[in-house]
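Proteins get letters first, then strands, A, B, ... in listed order; numbering begins at 1 in each. Quick caveat, the model's predicted, so the values are computed rather than measured.
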Protein chains: 2
Amino acid sequence: MIVTIDRPLRADAARNRSSLLAAAAEEFAAHGLDASVADIARRAGIGKGTVFRHFPTKDDLLAAVVLDRIDNLAALAQRLTTATDPGAALLEFMDAAAGRQQQLDLSFLRESGEINARLRNARERLFTAIITLVTRAQEAGAIRADINGMDVILLMCAPNHVVSFVPDPPPDLWRRYLHIIFDGLRPDGAQPLPDPAP
Amino acid sequence: MIVTIDRPLRADAARNRSSLLAAAAEEFAAHGLDASVADIARRAGIGKGTVFRHFPTKDDLLAAVVLDRIDNLAALAQRLTTATDPGAALLEFMDAAAGRQQQLDLSFLRESGEINARLRNARERLFTAIITLVTRAQEAGAIRADINGMDVILLMCAPNHVVSFVPDPPPDLWRRYLHIIFDGLRPDGAQPLPDPAP
DNA sequence: GCCTAAACGGACCGCCCGGTCAACTTGTTA
DNA sequence: TAACAAGTTGACCGGGCGGTCCGTTTAGGC
């Protein structure tokens with residue numbers, strides 16, 4: 001068992017840590033998981049060794065970036081569970097979720113393993129909040145009944161991915177596809193879905 | 001200028017070439033662009049050097065695999081342009097397109113550069129066939145008017161990508177998401193899309 | 001201002017990858 | 001069946017990656 005005493009970070013270390021996280025977020029957004037640690041370090045203006053002092057592994061660094069985003073999303077989702085218009089609330093949530101590069105996050109959704117407890121915890125918060133969001137929207141008749149929290153999680157990431165293939169995407173193009181997908185969730189169509197939700 | 005005389009391949013070379021292509025398709029499907037040439041060669045039961053004799057570059061090998069798929073898709077799309085029910089035809093096409101791993105293909109859709117002429121040609125055929133498919137479906141009132149051929153191309157790849165994040169996906173789960181997305185293309189919703197098509 | 005532990009940084013390591021090459025094997029043709 | 005071109009192969013190369021290490025710098029309590 002490893003015992004770590006959380007003494008406060010030295011001022012310069014704290015500064016470096018935050019610019020490192022910012023740089024990592026940008027670099028991962030730009031190059032996906034292939035972003036190199038050396039590039040991240042360069043962008044943050046620190047040495048490569050310093051990166052590994054803060055995060056023992058590239059994966060740990062990625063996890064920290066993702067935790068940040070999942071945390072924010074979970075907070076937003078929880079806030080929206082009390083909105084007056086449940087349909088609009090769900091749309092707003094998916095809009096916020098799709099607006100950022102989420103590919104990385106998704107790959108962490110399935111890791112059931114030994115990721116750090118905070119991440120697993122944040123994921124749990126996010127999941128349950130989304131489920132309430134979905135349930136309320138269904139009760140309000142805003143979306144079809146045979147939809148899942150998982151469906152929403154999966155679909156909200158599609159727009160960004162899809163847009164990533166067009167050469168010079170207008171910055172809001174993803175909204176177009178989110179809109180289409182959200183329309184697909186509406187109860188109008190009424191034909192049952194061919195497969196059960198995961 | 002390089003002049004190549006197309007003499008017929010030796011029997012063993014032809015055999016190797018086709019098992020190489022099959023192995024490459026499987027390996028790319030399993031590991032994406034990160035599939036290593038060595039693994040592909042091993043799966044095909046040939047030496048790594050042989051791979052590079054048939055295709056001077058890993059990218060050329062990928063292009064050959066993709067060409068195959070694009071060709072098939074284009075043929076299907078052309079066949080469907082004369083179907084009696086244009087709405088069903090478009091759905092059938094998207095179904096066939098989504099049913100296979102298309103991520104690779106998409107990345108080639110945007111390469112305007114110096115990819116080989118056959119590939120560019122097949123892509124062109126695919127594009128125009130899809131556009132007719134979409135136009136006919138619109139004239140039949142099966143899908144909304146503010147949709148593009150490009151929209152269809154982009155969206156038809158989303159289901160597979162989305163499903164790739166669920167741990168042990170049932171083999172037909174992608175159909176669920178294709179269905180949702182296709183419902184989003186239906187004219188019922190009627191609210192105009194927030195952004196113009198690419 | 002001094003001292004020490006904390007933090008830093010970049011040279012360095014081993015690994016894996018795409019791609020090359022020259023020695024070897026094999027299909028083909030007369 | 002002989003002889004040659006076509007094809008095969010795996011050792012090898014250079015480069016880039018994640019990760020390590022140790023000499024150097026620096027923040028902050030006294």
Side-chain angles (χ1 to χ4, degrees), chain A residues 2-25 27-28 30-66 104 107-108 111 115-116, chain B residues 2-28 30-66 104 107-108 111 114-116:
Chain A
I2 301 172
V3 180
T4 56
I5 302 161
D6 272 350
R7 90 182 69 213
L9 277 181
R10 229 169 66 175
D12 56 342
R15 226 180 310 122
N16 281 341
R17 189 175 203 279
S18 80
S19 63
L20 166 57
L21 280 173
E27 208 70 17
F28 279 132
H31 303 108
L33 298 167
D34 294 341
S36 84
V37 175
D39 284 347
I40 293 172
R42 203 170 308 123
R43 185 188 280 251
I46 64 182
K48 199 167 57 144
T50 306
V51 174
F52 286 102
R53 158 166 274 265
H54 285 279
F55 301 96
T57 273
K58 184 186 175 181
D59 280 347
D60 291 318
L61 172 57
L62 176 61
V65 170
V66 167
L104 314 167
S107 57
F108 268 82
E111 314 254 352
I115 37 173
N116 83 60
Chain B
I2 301 173
V3 180
T4 57
I5 301 162
D6 272 350
R7 90 183 69 216
L9 276 180
R10 231 169 64 175
D12 56 342
R15 227 181 307 123
N16 281 340
R17 188 176 203 276
S18 80
S19 62
L20 166 57
L21 281 172
E26 293 171 28
E27 207 71 17
F28 280 132
H31 303 107
L33 300 167
D34 294 341
S36 85
V37 175
D39 285 347
I40 292 172
R42 203 171 306 124
R43 184 188 282 248
I46 64 182
K48 198 168 59 146
T50 307
V51 175
F52 286 102
R53 158 166 274 268
H54 285 279
F55 302 96
T57 272
K58 183 185 176 183
D59 279 348
D60 291 317
L61 172 57
L62 176 61
V65 171
V66 167
L104 313 168
S107 57
F108 267 81
E111 313 256 350
E114 18 42 54
I115 37 172
N116 83 58

Specify the separation, in whole Å, of atom [atom1] of [X] and atom [atom2] of [N].
{"X": "B:D59", "N": "C:dG19", "atom1": "CG", "atom2": "C1'", "result": "12 Å"}
{"X": "A:N16", "N": "D:dT26", "atom1": "CG", "atom2": "P", "result": "12 Å"}
{"X": "B:R53", "N": "D:dT8", "atom1": "CZ", "atom2": "C1'", "result": "8 Å"}
{"X": "A:R42", "N": "C:dG9", "atom1": "CZ", "atom2": "P", "result": "14 Å"}
{"X": "A:L9", "N": "C:dA6", "atom1": "CG", "atom2": "C1'", "result": "10 Å"}
{"X": "B:F52", "N": "C:dT20", "atom1": "CZ", "atom2": "P", "result": "7 Å"}
{"X": "B:D12", "N": "C:dT28", "atom1": "CG", "atom2": "P", "result": "7 Å"}

Verify the contact: side-chain N or O of [X] to OP1 or OP2 of [N], cut-off strictly under 4.0 Å; return yes or no.
{"X": "B:T57", "N": "C:dG18", "result": "no"}
{"X": "B:T50", "N": "D:dT9", "result": "yes"}
{"X": "A:H54", "N": "C:dA7", "result": "no"}

Do you know which two heavy atoms are closest between [X] and [Y], and how far apart they sit?
{"X": "A:A14", "Y": "A:L9", "result": "CA-CD1, 4.0 Å"}
{"X": "A:L61", "Y": "A:I40", "result": "CD2-CD1, 4.1 Å"}
{"X": "B:F52", "Y": "B:K58", "result": "CE2-N, 4.3 Å"}
{"X": "B:A13", "Y": "B:H54", "result": "O-CE1, 3.4 Å"}
{"X": "B:A44", "Y": "B:L20", "result": "CB-CA, 3.9 Å"}

## Note on the structure
Ranking B:A11 and A:R17 by the position along DNA chain C of their nearest nucleotide, the one closer to 5' is A:R17
### Message
Using modelled atom types and a 3.5 Å cut-off, is there a donor and acceptor pairing between side-chain atoms of B:K48 and backbone atoms of B:D39?
### Response
no
### Query
Can you find a donor-acceptor N/O pair under 3.5 angstrom joining the side chain of A:R10 to the base of C:dA7?
no
### Query
Between B:D12 and B:R15, is the closest basic N to carboxylate O distance under 4.0 Å?
no
Nucleotide N/O of nucleotides 15-17 of chain C paired with protein N/O under 3.5 Å:
none

